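Not measured: the values here are computed from a predicted model. Chain naming here is simple, since letters A, B, ... match the order of the sequence lines and numbering starts at 1 in each.
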Number of protein chains: 2
Amino acid sequence: MTRTRKKILEILETAETPLSALGVEARTLSSCDTATVYRSLHYLEEQGLADSFVLFCREHGTERYYVANSAKHRHWFHCEVCHRFVDLGECRVEPLLSQMEAATGVRIRSHTLYATGTCADCLHAGQQAASRSHQEGEYPRQGE
Amino acid sequence: MTRTRKKILEILETAETPLSALGVEARTLSSCDTATVYRSLHYLEEQGLADSFVLFCREHGTERYYVANSAKHRHWFHCEVCHRFVDLGECRVEPLLSQMEAATGVRIRSHTLYATGTCADCLHAGQQAASRSHQEGEYPRQGE
DNA sequence: TTAAAAATGCGAATGATTTGCAAATATACC
DNA sequence: GGTATATTTGCAAATCATTCGCATTTTTAA
């Protein structure tokens, strides 16, 4: 493995949350070219050293986020207000997916699950705002 | 609601699978401009009449797919070989998400879950190919 | 060390999605 | 119903993440 790829893998491993390609590039202090970052991330994913998922948010648009695959597979929450990720813990949908596989005859190779909404911090900030302005209402819950 | 938006909603409602914006445009027989299709899909989603999720696949890259929100929220499987969607049935992760909400203090507004791999049809085609060529192996199962 | 293979940097290209603006359509009001 | 106002549509140009071609540099294998 090349120096560049090692460095990028290390960035993913030490990050506490998923990173976009641009986030990774920033953490190399722009010592790697953008194209190289993308190619390295693809490489790491092919090698099973990284996982990724695509997420859309108003602020950042559609971007792909990467996490190191060193620990157990986890799922993430993305705050629509502050745009930070919150760890939702280890994957617990495997059993459901196995049932779906059995029911439909498909062979699942990978899955993507994430949730979006408002994180605890922003929720508190919002409630304070609500008590001041009486404007805050309930967010309807919807799936995707 | 305008004629255009009605037509696009109807396209989503009669589609058996999620559609990309370009898929929707094709089904209007290109009678709507691309920008209008995108704007209408955004409108329908804002109104809660449609849901969407972003999916990456080798063949089509990163695209956003839309489904009508008339029926119960469902989850989808995307075949990496033939690129068709397979219905995985009604959402069954709500209870898990509620637990995650309680554990982390976040407020979930929406979630995305889909799986990718090989559909039953392509699996059979692949097995036939395997019995001829002795090339087909196991796909490692991984999450995202 | 040394040739061949693979990776990197740079700049240009791609492709989905968005935006500005003028024309067309829908809605509100008389 | 008919007109004024607000909203939507079409077209073309712009964005933005991501990818690609190609010359140069780094790795790998012998």
Side-chain angles (χ1 to χ4, degrees), chain A residues 1-12 17-47 49-67 78 80 83 85 112 114 116 144, chain B residues 1-12 17-47 49-67 78 80 83 85 112 114 116 144:
Chain A
M1 185 145 68
T2 66
R3 195 181 316 152
T4 300
R5 289 172 175 174
K6 276 202 196 84
K7 183 192 286 187
I8 289 177
L9 177 55
E10 194 183 319
I11 286 171
L12 292 183
T17 68
L19 293 177
S20 68
L22 292 148
V24 170
E25 184 180 356
R27 296 199 182 199
T28 68
L29 306 176
S30 296
S31 67
C32 300
D33 185 73
T34 306
T36 302
V37 171
Y38 277 104
R39 283 187 283 227
S40 299
L41 289 169
H42 294 167
Y43 169 84
L44 293 172
E45 194 164 20
E46 271 168 23
Q47 300 300 306
L49 298 168
D51 275 342
S52 74
F53 58 91
V54 185
L55 181 133
F56 170 87
C57 92
R58 278 270 178 76
E59 180 126 336
H60 303 102
T62 301
E63 278 188 313
R64 191 158 187 173
Y65 292 85
Y66 295 83
V67 291
H78 185 255
E80 293 167 341
H83 304 289
F85 281 96
T112 295
Y114 59 81
T116 59
E144 282 196 357
Chain B
M1 184 145 69
T2 66
R3 195 181 316 151
T4 301
R5 290 170 174 176
K6 276 203 195 83
K7 183 192 286 185
I8 289 177
L9 177 55
E10 194 184 318
I11 286 171
L12 292 184
T17 69
L19 293 177
S20 68
L22 292 150
V24 170
E25 184 180 356
R27 296 200 182 197
T28 68
L29 306 176
S30 297
S31 67
C32 299
D33 184 73
T34 307
T36 301
V37 170
Y38 278 104
R39 283 188 282 229
S40 299
L41 289 170
H42 294 167
Y43 169 84
L44 293 172
E45 195 164 18
E46 271 167 23
Q47 300 300 307
L49 298 169
D51 275 342
S52 74
F53 58 92
V54 185
L55 182 133
F56 171 86
C57 92
R58 279 271 178 75
E59 180 127 337
H60 302 102
T62 301
E63 279 189 314
R64 192 160 186 172
Y65 292 84
Y66 296 83
V67 291
H78 185 255
E80 293 168 340
H83 304 288
F85 282 97
T112 296
Y114 59 81
T116 59
E144 283 195 355

**Side-chain N,O (B:Arg64) to OP1/OP2 (C:dA16) below 4.0 Å** = no
**Item:** Spacing between A:Glu63 atom CD and C:dT18 atom P, to the nearest angstrom
**Value:** 14 Å
**Message:** Without decimals, in angstroms, what is the distance between B:Leu22 CG and C:dT17 C1'?
**Reply:** 9 Å
**Item:** B:Val37 backbone acceptor or donor facing B:Glu25 side chain under 3.5 Å
**Value:** no
**Asked** Got A:Leu22 and A:Glu63 here, is their nearest side-chain heavy-atom distance under 4.5 Å?
**Response** yes
**Prompt:** For C:dG9, does OP1 or OP2 lie under 4.0 Å from any side-chain N or O of A:Thr36?
**Reply:** yes
**Prompt:** Do B:Arg27 and B:Leu19 come within less than 4.5 Å of each other through their side chains, counting heavy atoms only?
**Reply:** yes
**Asked** C:dA7 P sits how many Å from A:Ile8 CD1, rounded?
**Response** 13 Å
**Sequence-distant partners of A:His83, ring-ring contact (aromatic ring centres under 6.0 Å, His included), two or more places apart** = A:His60, A:His78
**Asked** Base, sugar-phosphate alone, or nothing: which one does A:Ser30 contact when heavy atoms must sit under 4.0 Å apart?
**Response** nothing
**Prompt:** 5' to 3' on DNA chain D, which nucleotides open and close the contacts with chain B (atom under 4.0 Å from a heavy atom)?
**Reply:** D:dT8 to D:dC11
**Message:** Are A:Ser52 and A:Leu41 packed together at the side-chain level, in the sense that at least one heavy-atom pair is separated by less than 4.5 angstrom?
**Reply:** no
**Request:** Check every strand shown and say whether A:Arg39 touches a base, only sugar-phosphate, or nothing at a heavy-atom separation below 4.0 Å.
**Result:** base
**Request:** Using a 4.0 Å heavy-atom cut-off across all strands, classify A:Thr62 as base, sugar-phosphate, or nothing.
**Result:** sugar-phosphate
**Asked** Reckon A:Arg5 touches a base, only the sugar-phosphate, or nothing at all at heavy-atom distances under 4.0 Å?
**Response** sugar-phosphate
**Complete:** Between B:Tyr66 and A:Cys32, whichever has its closest DNA chain C nucleotide further toward 5' is A:Cys32
**Prompt:** Side chains of A:Arg64 and A:Glu45: does their closest heavy-atom pair fall under 4.5 Å?
**Reply:** yes
**Request:** With heavy atoms under 4.0 Å as the rule, sort A:His60 into base, sugar-phosphate or nothing.
**Result:** nothing
**Prompt:** Hey, is the side chain of B:Tyr38 poking within less than 4.0 Å of OP1 or OP2 on C:dT18, counting only N and O atoms?
**Reply:** no
**Prompt:** Do the non-hydrogen side-chain atoms of B:Tyr43 and B:Thr4 ever get within less than 4.5 Å of each other?
**Reply:** no
**Request:** Please state how far atom NE2 in A:His42 lies from atom C1' in C:dA6, giving the value in whole angstrom units.
**Result:** 17 Å
**Complete:** Here the pair of heavy atoms bringing A:Tyr65 nearest to A:Pro18 is CB-CB, 3.8 Å
**Asked** Could you state the CD-P distance from A:Glu25 to C:dC10, rounded to the nearest angstrom?
**Response** 11 Å
**Request:** Using atom types as modelled and distance alone, determine if a side-chain donor or acceptor of A:Tyr114 lies under 3.5 Å from a backbone N or O of A:Val54.
**Result:** yes
**Item:** Axial bend angle, the helix from C:dT1-D:dA30 to C:dC30-D:dG1: five-pair end segments, nearest 10°
**Value:** 50°
**Item:** Whole angstrom value for the distance that separates P of C:dT18 from CZ of A:Arg58
**Value:** 10 Å
**Prompt:** When the distance from CZ of B:Phe56 to C1' of C:dG15 is rounded to whole Å, what number comes out?
**Reply:** 13 Å
**Request:** Compare side-chain N and O positions of A:Thr4 against OP1 and OP2 of C:dT8 and report whether any pair is under 4.0 Å apart.
**Result:** yes
**Request:** Find the distance B:Leu19:CG to C:dA16:P and express it as a whole number of Å.
**Result:** 15 Å
**Prompt:** Given side chains that start at C-beta, do those of A:Leu44 and A:Met1 come closer than 4.5 Å, heavy atoms only?
**Reply:** yes
